[in-house]
Amino acid sequence: MMRTLAFVLGGAGAAGLAAVLAFGGSPSAAQQQATPAADSATAPAIIDTGSLKGPRQPIFFRHDIHAGQFKIQCQYCHYSVAVSTEPGIPSMQTCMGCHLVVSGSDSSAKTEIKKVRDAWNAKQPVEWVRVHFLARHAHFPHQRHIKALGPSACTTCHGEVARMPQVFKANNINNMGFCITCHLERKVSRDCSVCHY
Amino acid sequence: MAVVARPLPDRAPELEITQTQADVTRDVVGTLGRASTGYLLLLGGAVGLFLVGLLTFLILVKDGLGHAGYNPPIFWAVFITTFVFWIGIGHAGTLISAILFLFRSPWRTAVYRSTEAMTVFAVMTAALFPIIHIGRQWVFYWLLPYPNQRWLWPNFKSPLLWDVFAISTYFTVSSVFLVFGLIPDVAAVRDKVTGWRRTVYTLASVGWQGTDNQWRHYTRAYLYLAALATPLVLSVHSVVSWDFAVSIVPAWHGTIFAPYFVAGAIYSGLGMVLTLIIPLRRALGIEQMITKYHFDNLAKLTLLTGSILFYSYSMEYFVAWYSGNTFEQTTFFRRPFGSMWWAGWTMIICNAFVSQLLWFRKIRTNLTALFVISIFINIGMWFERFVIIVSSLSNDYIPWAWSDMNPTWADWGILAGSFGWFGMWFLLFAKSFPIVAIQEIKEMIPMPRKRGGGGHH
Amino acid sequence: MSDVSPESGMDRRKFLTVLGASGGGALALSGCSTSRVEKLVPYLVQSEDQIPGVATWYASTCTECAAGCGVHVRTREGRAVKLEGNPEHPVNRGKLCSRGQASLQGLYNPGRVKAPMARGADGRLAEITWDDAIARLAGKLTAAGGKVAVLSGAGRGTFSELLADWTSALGGRLDRWEPFDHEPLRAANRQVFGLDQLPAHDFAGAKYILSFGADFLETWLSPTENQRGFAEAHGFAGGDVAKFVHVGPRRDLTGLNADEWMAVRPGTEAAVALAIANVVAAARGAPAALAGALGNYTPAMAAQETGIPAERIERIAREFAAARPSLAVAGGVGAQHAGATELCAAVNLLNYVAGNVGRTVRFGADLAAGDGFRGLTQLGTAMDDGQVAVLLVHEANPVYALPKAAGFAARLKKVPFKVAISPFLDETAALCDLLLPPHHALERWDDAAPRAGVRSLMQPVMEPVFDTRAAGDILLATAKKAGGALAKFSATTWEAHLRGRWQALAAERKEADADAFWRAALQRGGVFDEPPAPVEVSLAPTAAQVSYTRPAFEGNGAYVFAAYPHAMLHDGRGANKPWLLEVADPVTKITWNSWVEVGPEAARALNVRNGEILRLTSPHGSLEAPAYIHPGLHPDVVAMPLGFGHTEYGAFAQGRGVNALDLLGAPAGEFVAYLSTRVAVEKTGGYRKLASIEGTPRQLGRGIAEAIPLAAARQGLTVAEAYLEEGHGEHEVNTPLEVAALKGWSEKQFQMTRKGDYRRDLPQWGMAIDLARCTGCQACVTACYAENNIPTVGEYDILKGREMTWIRIERYWEGSEAPDAPPSARFVPMLCQHCANAPCEPVCPVYAAYHTADGLNGQVYNRCVGTRYCANNCPYKVRYFNWYKYNEIAWPEPLQLQLNPDVTVRARGVMEKCTFCIQRIRGAQNTARLEDRPIRDGEFTTACAQACPSDAIVFGNIADPDSRVVAIKQNPRGYRVLEDLNTRSAITYLAKVLHPVEG
Amino acid sequence: MARPKPTRRQPGVLASFIHVDAAVDAIRALRARGHRNLVVYTAFPNHEIEEALDQPVSMVRLFTLIGGLTGCAAGFGMTIWMSFDWPLLVGGKTMSSVPAYVAIAFELTVLLGALITVAAVACLTLLGQKRRVAYDPQFSDDRIGLFVPSGSDQLGPVEQLLRSAGAVEVRHEAA
């Protein structure tokens with residue numbers, strides 16, 4: 001039934017992408033693609049992770065590599081952002097979809113990816129530390145904002161995640177003024193009960 | 001020194017001041033400093049009560065307002081009652097100090113300082129209640145129009161906002177009025193005392209020397225302050241009354257509320273004035289400055305305002321009956337005959353009837369009687385607010401929601417605390433500042449003249 | 001709310017933390033662990049039917065009573081958060097009663113048994129592993145050598161079949177027992193029609209309804225279904241109102257909905273039934289045999305027996321005869337006295353002569369029922385004679401639900417090994433040696449066949465909350481372990497067994513593709529065939545043996561004692577669910593505790609007031625409870641609700657009130673007679689304030705719950721016109737000119753407000769409530785509690801009037817309290833009226849209460865500072881304040897898992913009130929926006945409207961002229977409560993329609 | 001009213017009187033002699049002395065007026081602007097219902113009126129003498145003080161005049 005169907009499709013999709021990344025993942029390929037300076041497509045290697053902004057995650061998952069270097073669409077992992085109030089976070093299966101194949105170019109990547117695989121084998125989901133945390137009395141329907149501002153609008157609130165080795169809070173999303181500014185500019189409703197109920 | 005005083009034309013004989021100006025300074029300054037054990041006991045009691053209130057408040061903040069005797073639909077009860085009570089107390093002070101000043105009524109002189117102090121501290125007490133009473137005490141400042149990241153402003157259509165402005169204005173202006181009036185007296189004290197106290201009073205007297213130039217601006221300013229305070233005091237309790245009159249609760253939305261409340265406020269204030277200065281004048285040994293004459297006048301004012309209340313009460317019932325509005329009628333029927341009849345009758349007897357005793361001069365000039373009556377007035381006026389607020393809320397439009405109210409320890413705790421807080425400040429003031437206006441008393445003493453004109457030798 | 005502490009573990013974000021956990025439940029608990037750092041736990045494997053933030057619905061079946069209603073379970077992030085009726089289900093057609101909705105609190109009940117337990121050497125119950133538990137059971141069963149008895153509360157379905165086979169394979173005896181099992185009705189059907197079954201009743205079709213004590217709106221047979229039918233017949237649909245006469249000593253909720261009440265002496269209903277049958281038979285020319293049988297039962301005789309004037313009986317009889325078809329129903333606990341079978345037989349006959357059988361009384365539907373009390377009696381004797389070595393009690397609680405005098409507990413002690421398959425540690429389970437916690441209905445595969453043509457499914461909607469197993473799996477596992485005779489049960493799992501059964505079913509039905517059949521059934525919630533045509537019935541030879549014997553009651557107290565099932569707690573199984581305890585009893589409006597009902601006359605005689613504690617003493621015991629003066633009670637009767645006085649059954653139920661059963665004697669014969677003893681009543685002098693949500697039960701002519709006479713309604717008069725008709729309308733104070741001027745002015749004022757955001761043409765939400773349909777059942781109230789995370793505040797705060805019921809049903813008495821003119825009741829649902837000119841709004845200093853652009857009366861919790869001015873200024877008194885930190889105390893673990901993630905949980909110190917389910921509005925708007933279309937009328941509705949079994953509440957966009965709500969609002973019966981205040985409320989009530997009071 | 005403490009002291013003659021008419025005589029005589037900037041100390045305002053000095057009416061009242069008007073304007077301005085800054089509809093009232101704002105405007109009128117008046121007095125009394133003028137504690141009790149600023153050459157005649165007017169005590173203040 002549907003379950004299995006979706007599983008197959010999902011698996012296939014993942015595999016396909018994995019294949020691409022398998023090449024893209026190898027440093028040589030990356031260098032070839034990398035046009036110097038101007039477009040920093042290649043995410044830098046990071047030695048001192050301590051100096052990075054944002055909370056330390058159980059696994060050093062690098063958005064700048066996944067979303068920046070490899071240009072994976074946000075929605076590939078945050079699958080429900082366009083259809084639901086919640087963006088959704090990828091299941092371990094989604095990670096493994098690629099990382100069954102992709103095992104990382106350099107040592108640091110290897111170690112981190114190993115953590116993912118271990119977690120998967122241990123059937124123990126990774127407990128990510130939450131970065132963006134909207135106050136409980138404010139409702140933010142992600143799908144409507146994606147609908148209105150387009151799939152790349154994530155940056156409006158979350159900042160240039162594609163350039164963040166470690167995600168940090170780019171904007172104070174709990175500052176109501178932050179929301180109101182946008183709503184004023186775009187002449188959309190400022191009615192309190194749109195968000196507060 | 002021997003004194004040959006003669007009555008001044010514009011003054012009643014009772015007001016003869018049998019002292020020289022030097023005596024006045026000496027006597028009044030004498031009331032300061034050194035605290036008697038009695039005083040310390042009183043002060044201790046006041047502080048104790050205040051601490052009880054503080055503890056209660058902390059518990060309310062911790063757990064929520066549930067501890068207080070709120071039985072919906074009675075969403076306002078003892079706290080708002082006490083709030084209105086204290087606001088009311090304030091009014092007599094401003095009346096005596098400002099309004100009677102404008103009317104050039106001589107007898108105010110001896111008492112106005114104490115009543116003014118009472119005003120300031122009563123308003124200070126009242127100002128606590130909006131905070132105590134709200135559900136989330138820690139965000140009370142949202143009622144102020146301050147720029148914030150939410151880009152939100154308060155709702156100026158709400159009578160509570162009017163309250164915020166009325167009360168803060170009233171507090172500011174009446175304290176300014178008090179302090180302003182104090183300056184020359186503080187200077188007088190400064191010139192009498194020594195040591196560290198001198199330093200303190202020197203600072204407090206902000207360099208007052210009583211030069212003609214200072215007096216010239218001072219007297220003018222004082223006049224205008226009085227002129228501003230007079231409409232203010234009338235407005236403040238009108239605004240408070242509009243908290244109720246503007247709503248649609250039966251027995252609240254009455255057009256007579258503003259004058260009715262102002263009269264009530266002054267009435268209750270006068271009650272408190274009597275309660276305070278009858279013991280005070282003895283305690284401070286200033287009997288000869290606050291005389292029967294003052295009490296007679298205070299009592300007459302009390303009688304007047306009391307009678308206005310009497311009239312307002314009867315009007316309320318009459319209008320309820322005449323309007324044919326079933327909601328009003330039910331409420332007013334249940335006031336004296338409903339489940340909270342005890343409160344209803346306390347209010348009517350203590351205010352409407354007891355005040356009528358003051359038609360008799362014997363009673364007006366008998367301090368014991370006056371003191372007892374003043375206590376009745378205080379109780380009665382607290383209950384008036386209780387009845388207006390609680391018993392009106394307990395039975396409004398939807399019978400299904402009707403309910404009764406019984407106060408709890410939390411209500412009493414806060415009430416006691418408010419008296420403690422008030423008493424604490426008043427007592428501290430009485431010992432540290434001239435409780436009788438030195439310069440204005442002196443103003444009434446004939447200046448010595450070398451050409452015959454009175455004075456001494 | 002801004003200040004819900006992160007620990008409080010009940011904010012919608014928390015649900016995100018448990019996004020993961022392949023399925024939810026298990027991790028849900030750890031998700032609510034008190035970690036200050038918010039964790040995001042991903043799924044291992046994403047199940048594609050769970051999208052975070054989007055609700056997933058599963059079809060299932062309600063197991064709270066035997067009616068077997070279909071439900072839709074709303075789940076979010078792998079957690080069931082709300083139960084609603086399944087619109088496709090023939091029994092309840094998308095509606096669900098309070099008890100059904102509260103089954104959610106059974107799922108998350110803190111009192112649930114968390115793992116199998118066994119009584120250790122120290123006599124205490126201690127947790128053990130499942131393997132151990134199964135092994136012990138298997139061992140005992142093999143050792144028992146056929147001396148096995150099973151007592152099950154399960155309804156009819158695959159499980160009960162399995163249980164039957166299983167038991168017989170063991171050579172044991174199985175008794176399926178359900179309290180209030182309609183024994184008398186079945187006996188009477190056997191006697192009169194020779195059919196041992198329960199028919200379906202078509203209330204909708206009836207033009208005249210006579211109820212002899214049957215509480216068909218509360219517990220009788222299929223309440224939700226009955227109510228829907230009753231609303232159709234009685235709700236002034238199609239310009240007519242079926243008259244409903246209630247015959248019985250007490251007016252329960254059903255009785256309060258009657259147009260006329262015959263307050264007969266307790267136990268004499270049969271006399272009335274026979275007398276009416278007699279008259280009808282005469283009018284219709286019945287077969288001679290019957291005429292003969294009925295001959296002696298004249299109205300005069302009935303009058304003498306019942307104390308009702310003969311001419312009144314005569315009149316009712318004639319009215320009944322004139323109406324075709326009509327419907328007479330009997331039984332229920334309302335008439336569960338010694339003569340109940342006689343009564344039901346008489347009523348059967350009445351229906352027969354009135355020609356209702358086959359029309360409004362449909363045999364062949366064959367409603368499910370247990371094996372009755374007789375089985376229980378036999379079991380009792382078997383236990384006495386040591387015939388039972390192992391007793392397995394499955395989801396039944398006889399120790400509590402039978403009178404003490406029945407001595408079940410004592411007998412239980414004689415059984416060497418007692419096993420309970422019970423989700424809760426109830427009175428019976430507490431006495432058992434082995435405790436096997438089964439899955440809740442929402443955690444397991446199962447099916448139910450509540451009636452012919454209906455077979456509905458249950459499926460697990462989430463991971464089990466605790467370490468429990470499906471009862472079926474327990475049986476199968478034991479079988480595997482025990483082997484021997486049980487070896488034949490080959491199915492590996494209960495699910496497999498069920499699937500097998502459904503494959504067989506598919507085969508029976510000649511379905512080509514069994515899988516497709518299964519999936520379709522799973523999606524619909526079961527297979528629902530057209531209701532079978534009513535079977536032809538003929539009178540059995542015994543039919544003519546109808547009789548009436550004057551009732552005799554045990555003891556010699558002054559009053560007859562009636563114990564009746566609580567409309568919310570039923571037989572007491574609801575007593576561990578806070579919703580059911582706090583949503584008041586619909587008649588007395590008392591919550592959380594027991595009471596004794598006395599009639600006004602009795603009250604005068606005893607000189608008691610509400611709350612004064614009475615001591616009732618019967619030959620079998622005595623108990624004390626505060627009095628409630630019920631105007632709808634016969635002078636000779638005192639009544640008490642069942643369901644309280646639990647000694648076990650979780651923290652919510654324990655030690656709450658007293659158990660009325662303690663006054664009853666050991667049941668003799670076929671059924672438990674709940675109306676069988678006399679009691680002496682005396683004042684103890686004690687007083688306990690009733691935790692009632694009732695303030696003053698009289699309208700004082702304020703026109704809150706309006707009603708107009710049938711004739712006026714037929715002419716299409718408005719309420720005001722109807723008053724004038726009756727000659728007591730108020731004269732208009734203002735001249736027409738003034739009226740016009742005032743209207744114009746207020747209109748102008750209103751238009752001036754259409755500025756800014758408010759100028760955009762958004763939908764304006766409104767509601768219509770038809771009081772002619774509303775029966776006061778309070779399903780809407782429970783639905784509101786469930787949808788909007790309303791805290792239950794408990795008895796102490798209810799005593800202070802602090803209930804949080806966003807929607808409440810006000811029950812007003814009409815008429816005088818004089819015994820000759822018993823009052824009637826009017827029910828009116830009161831909720832925020834969402835006034836356009838809302839008095840609550842302008843008084844809020846911080847705009848926490850304001851008017852939204854789409855016509856709602858908004859309440860911004862996080863802006864509220866709690867001045868409570870709005871509540872004072874609300875003329876409808878529908879605003880509720882958080883006096884304590886209810887958000888932290890109202891949902892003890894794991895109850896907080898039921899919270900609706902779309903609704904903010906309000907913190908202490910803020911005001912809250914009905915929001916017209918704004919989360920549903922916003923949800924619908926989000927969907928519509930994604931699909932670039934406007935919201936369609938009826939696309940969604942509020943929780944109350946959704947739940948209302950009689951469809952009295954209609955919600956919609958009043959700016960859309962074609963919407964259903966607008967159509968209803970135009971009904972001439974429409975009026976607004978307190979309209980004179982010019983609040984422009986968004987809710988229109990349709991006045992109740994009254995039959996002229998005759999005789 | 002707080003006066004700065006200038007380093008240099010004002011030279012002149014300080015006399016103290018018991019009798020008010022004596023003081024008045026002295027003032028009149030001195031003014032006739034063309035003495036200006038006399039400083040008179042009294043424990044309380046006295047009309048006779050005011051007349052004798054005949055100074056213009058204090059200009060405090062002007063500030064009171066300004067303060068009042070400002071307050072009133074601020075009150076209406078703030079309320080109306082804020083109601084439109086985020087228009088929220090309450091109770092079907094117009095966005096800015098001015099009658100409701102009268103209360104606010106009035107209170108602000110009084111508030112600013114009073115505060116600015118006091119501030120004005122402070123400023124006005126601050127102006128005036130640049131140098132410290134001699135003072136005696138008795139002046140706040142029952143004496144009337146009169147200070148005549150005068151150069152050393154005039155000290156004699158002034159003292160002479162004061163004494164003849166009836167000063168009970170005369171003191172020379174050197175620079």
Side-chain angles (χ1 to χ4, degrees), chain B residues 61-76 130 133-143 150 152-164 243-244 246-250 252 324 326-327 330 389 392-406, chain C residues 2-3 589 693-702 704 733 797 799-803 808 810-812 828 830 839 841-848 850 863-886 907-911 977-978 981 983:
Chain B
V61 172
K62 180 176 156 290
D63 299 349
L65 287 171
H67 292 307
Y70 290 108
N71 302 10
I74 299 164
F75 288 88
W76 285 359
H133 140 95
I134 63 174
R136 301 203 287 161
Q137 294 90 345
W138 51 95
V139 290
F140 71 93
Y141 59 87
W142 285 357
L143 272 70
R150 299 177 209 83
L152 269 173
W153 305 112
N155 171 14
F156 293 102
K157 301 187 188 81
S158 166
L160 293 184
L161 250 281
W162 310 346
D163 263 0
V164 170
D243 286 349
F244 308 102
V246 166
S247 81
I248 61 168
V249 178
W252 275 16
T326 156
F327 306 112
T330 317
I389 292 165
S392 307
L393 285 174
S394 72
N395 43 50
D396 68 349
Y397 293 98
I398 298 282
W400 185 261
W402 288 5
S403 160
D404 285 350
M405 189 271 182
N406 9 43
Chain C
S2 51
D3 46 6
K589 296 295 175 181
I693 65 164
E694 163 187 278
T696 295
R698 293 271 168 180
Q699 289 199 60
L700 313 170
R702 296 181 175 196
I704 295 154
V733 190
D797 273 0
L799 283 169
K800 287 177 163 293
R802 292 171 181 175
E803 65 275 4
R808 60 172 185 258
E810 300 181 349
R811 190 260 299 115
Y812 289 109
V828 52
M830 187 53 67
E841 289 165 0
V843 297
C844 176
V846 292
Y847 284 120
Y850 80 108
R863 178 66 172 169
C864 175
V865 300
T867 68
R868 308 191 292 292
Y869 199 165
C870 52
N872 287 343
N873 218 27
C874 170
Y876 306 96
K877 289 287 168 273
V878 290
R879 294 181 148 267
Y880 304 93
F881 188 70
N882 287 270
W883 297 104
Y884 287 112
K885 294 176 178 172
Y886 298 129
R908 159 273 299 261
V910 306
M911 194 58 71
V977 176
L978 302 175
L981 297 176
T983 53

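Just so you know, these numbers use all the heavy atoms, side chains as well, and skip hydrogens, waters and symmetry mates. Numbers restart at 1 for each chain; the letters A, B, ... are given by sequence-line order, proteins then strands.
- For the set B:Ala401, B:Pro130, B:Pro72, the entry with the most heavy-atom pairs within less than 4.5 Å of chain C is B:Pro72.
- Put simply, of B:Gly64, B:Pro399, B:Ser392, the one with the most heavy-atom pairs under 4.5 Å next to chain C is B:Pro399.
- Of the listed residues C:Glu694, C:Lys589, C:Lys885, the one with more heavy-atom pairs under 4.5 angstrom with chain B than any other is C:Glu694.
- Only the side chain of C:Pro839 comes within contact range of chain B, with heavy atoms under 4.5 Å apart.
- Contacts of C:Arg811 with chain B are made by both backbone and side-chain atoms, with heavy-atom separations under 4.5 Å.
- Ring planes of B:Trp76 and C:Tyr869: tilted class, angle from 30 to 60°.
- Looking at B:Phe140, there are no atoms closer than 4.5 Å to chain C (heavy atoms on both sides), in backbone or side chain.
- Residue pairs satisfying the side chain to side chain donor-acceptor pair (under 3.5 Å) criterion with at least one member in residues 154-163 of chain B, sequence neighbours excluded, are absent.
- Proximity to chain B (any heavy atom under 4.5 Å) is restricted, for C:Glu841, to the backbone atoms N, CA, C and O.
- In terms of modelled atom types and a separation under 3.5 Å, the side chain of B:Trp400 and the main chain of C:Ile693 share a donor-acceptor contact.
- For B:Tyr141, no part sits under 4.5 Å from any heavy atom of chain C, backbone or side chain.
- For a residue to count as touching a neighbouring chain, one of its non-hydrogen atoms must lie under 4.5 Å from one of that chain's; by this rule B:Ser247 touches chain C with backbone and side chain alike.
- For C:Tyr880 and C:Arg802, the side-chain atoms include no donor-acceptor pair closer than 3.5 Å.
- Each of B:Ile74, B:Asp63, B:Leu161 has some count of heavy-atom pairs under 4.5 Å with chain C, and the biggest count is that of B:Asp63.
- In terms of the side chain to side chain contact (heavy atoms under 4.5 Å, CB included) criterion, residue partners of B:Thr330 (sequence neighbours excluded) are, by chain and number, B:Thr326, B:Arg334, B:Trp402, C:Arg702.
- Between B:Tyr397 and B:Phe327, the ring center distance clears the sub-6.0 Å criterion.
- C:Trp883 does not carry C:Arg908 over the face of its six-membered ring by the limits of under 6.0 Å from the centre and within 45° of the normal.
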